[in-house]
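Accompanying notes for the structure given below.
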Amino acid sequence: MPLSIATWNINSVRLRIDLVSAFLEAERPDVLCLQEIKCIEGNFPAGAFRKLGYEHQVVHGQKGYHGVAVVAKVPITEHIRRGFCGKDDARHVAVNIAGPGALPITLHNFYVPAGGDEPDPAVNEKFAHKLAFLEEMKGWLRGAETLGPTILVGDLNVAPLEQDVWSHKQMLGVVSHTPVETALLEAVRESGGWIDAMRHFVPPEEKLYTWWSYRAADWQASNRGRRLDHIWVTPPLSGRLLGLEVKREARGWNRPSDHVPVILRLAA
DNA sequence: ATGGTTGGGGGCCAA
């Protein structure tokens, strides 16, 4: 049995539970990682997921902001929830999965700080926080953490490659695509030996987006997207990469999230 | 150069 893993910044799981349900019914991924659930664990719509067969759930919630969750048809157990930058923001949770052939897989689900508008850490503490968060990720997500079959997904709020944004030149000064961020995210990935699974399937010369701003009059016509959501795997899983889907059409659904789901399929 | 939209939670802040 192959294993399919989806990631989606849902921007309020309670508001969009019907969209998530429709997505799960149509795609039936084994595991769904959510970011920006924007609720505490007690308000997470656990019953709706259970009804759809996603009875295994690990929720790291927070009132009003951030919050990540993993729901699965297959058994998962909590591995760790880590705080970053000395804050107790709910921006990470990791679970263990019995993958194909009982292969134990660790899955990290991240929501990296957006970083505000001004790309100067000296005057914008949100940008300083984002850089510090990524530095801390770099120090942690290597060595023993990444030796075994490991997957990292989430809204990393950085579009690292030139074709991850609609205009590389026009985005160089915009938070999410500044050189300091793109270099740092690549350093996080490379220092842990991670493989960019999305770019394994879509060549870096090709545009690839997972997010379109709410502020565009017509997101589809202007198509000024960014690839902010990512799936990385460690080398023990590189031979199992089977397929990738970016569910672009989800951006056109009624009352959509500004992010779309991404699905990775791994061979048994 | 500017403003554009959405969500949560209460009457602005984060994205």
Side-chain angles (χ1 to χ4, degrees), chain A residues 7-21 23 33-45 48 59-69 83-92 109-121 123-134 153-160 164-167 169-178 180-182 185 209-230 247-262:
Chain A
T7 180
W8 197 2
N9 178 321
I10 196 59
N11 188 17
S12 175
V13 69
R14 287 179 293 172
L15 190 71
R16 277 181 252 286
I17 186 59
D18 291 344
L19 286 193
V20 185
S21 298
F23 167 74
C33 298
L34 294 167
Q35 303 88 35
E36 278 208 89
I37 62 172
K38 290 188 171 177
C39 64
I40 58 170
E41 184 173 356
N43 290 334
F44 186 76
V59 180
H60 186 187
Q62 180 177 336
K63 185 182 177 183
Y65 299 97
H66 325 313
V68 290
F84 286 79
C85 305
K87 297 174 185 277
D88 53 11
D89 286 356
R91 294 182 177 276
H92 168 265
N109 182 15
F110 272 95
Y111 176 51
V112 172
D117 289 331
E118 183 59 52
D120 180 354
V123 300
N124 175 8
E125 67 177 37
K126 288 184 219 159
F127 194 68
H129 177 215
K130 182 180 197 174
L131 298 181
F133 192 103
L134 289 166
V153 308
D155 176 4
L156 305 186
N157 265 317
V158 179
D164 291 339
V165 292
W166 64 278
S167 166
K169 277 188 183 170
Q170 286 177 257
M171 287 289 296
L172 278 169
V174 177
V175 170
S176 74
H177 195 63
T178 64
V180 61
E181 291 168 88
T182 57
L185 188 72
Y209 311 141
T210 64
W211 174 92
W212 291 262
S213 171
Y214 283 128
R215 296 178 188 177
D218 184 335
W219 72 274
Q220 215 159 5
S222 61
N223 195 25
R224 296 185 169 187
R226 307 177 197 173
R227 184 170 70 112
L228 302 179
D229 302 275
H230 297 269
K247 292 282 155 194
R248 189 180 214 268
E249 64 270 27
R251 187 62 180 79
W253 292 350
N254 190 243
R255 297 203 73 183
S257 168
D258 44 357
H259 297 253
V260 300
V262 181

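For the numbers below, each heavy atom of this structure counts, side chains included, while hydrogens, waters and symmetry mates do not. Order of the sequence lines sets the chain letters (A, B, ...), proteins ahead of strands, with each chain counted from 1.
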Flag side-chain contact, heavy atom, 4.5 Å: A:His177 against A:Thr182
yes
Are any of the side-chain heavy atoms of A:Lys130 and A:Val158 separated by less than 4.5 Å?
yes
Whole-Å gap separating [atom2] ([N]) and [atom1] ([X]):
X        : N      : atom1 : atom2 : answer
A:Asp117 : B:dC13 : CG    : C1'   : 12 Å
A:Arg224 : B:dT5  : CZ    : P     : 15 Å
A:Glu36  : B:dA15 : CD    : P     : 7 Å
A:Gln62  : B:dG9  : CD    : P     : 11 Å
A:His129 : B:dA15 : NE2   : C1'   : 14 Å
A:His66  : B:dC13 : NE2   : P     : 15 Å
A:Glu118 : B:dC13 : CD    : P     : 18 Å

Are any side-chain N or O atoms of [X] and backbone N or O atoms of [Y], one a donor and one an acceptor, separated by less than 3.5 Å?
X        : Y        : answer
A:Asn157 : A:Val112 : yes
A:Asn124 : A:Glu118 : yes
A:Arg16  : A:Arg255 : yes

Take the angle between the ring planes of A:Trp219 and A:Trp212 and call it parallel below 30°, perpendicular above 60°, tilted in between.
perpendicular
Where does the angle between the aromatic ring planes of A:Phe110 and A:His92 fall among parallel (under 30°), tilted (30 to 60°) and perpendicular (over 60°)?
tilted
Grab the N/O contacts between the protein and nucleotides 1-3 of chain B below 3.5 Å, and write none if there aren't any.
none

Using the [atom1] atom on both, measure [N] against [M] and round to a whole Å.
N      : M     : atom1 : result
B:dG10 : B:dT5 : P     : 25 Å
B:dA15 : B:dG4 : C1'   : 14 Å
B:dA14 : B:dG9 : C1'   : 12 Å
B:dG11 : B:dG7 : C1'   : 15 Å

Once you apply a heavy-atom cut-off of 4.0 Å, does A:Arg91 come out as touching a base, just sugar-phosphate, or nothing?
sugar-phosphate
Any protein N or O atoms within reach of nucleotides 6-8 of chain B? Criterion: under 3.5 Å, listing atom names and distances.
unit_1, atom_1, unit_2, atom_2, d
B:dG7, OP1, A:Arg16, NH1, 2.9
B:dG7, OP1, A:Arg16, NH2, 3.3
B:dG7, OP2, A:Arg255, NH2, 2.6
B:dG8, OP1, A:Ser12, OG, 2.1

The answer to which of A:Asp155 and A:Cys39 contacts DNA chain B further toward the 5' end, by nearest nucleotide, is A:Cys39
Distance, nearest 0.5 Å, that separates CG of A:Leu185 from CG of A:Leu228:
10.5 Å
Is A:Asp89 salt-bridged to A:Arg91, cutoff N-O under 4.0 Å?
yes
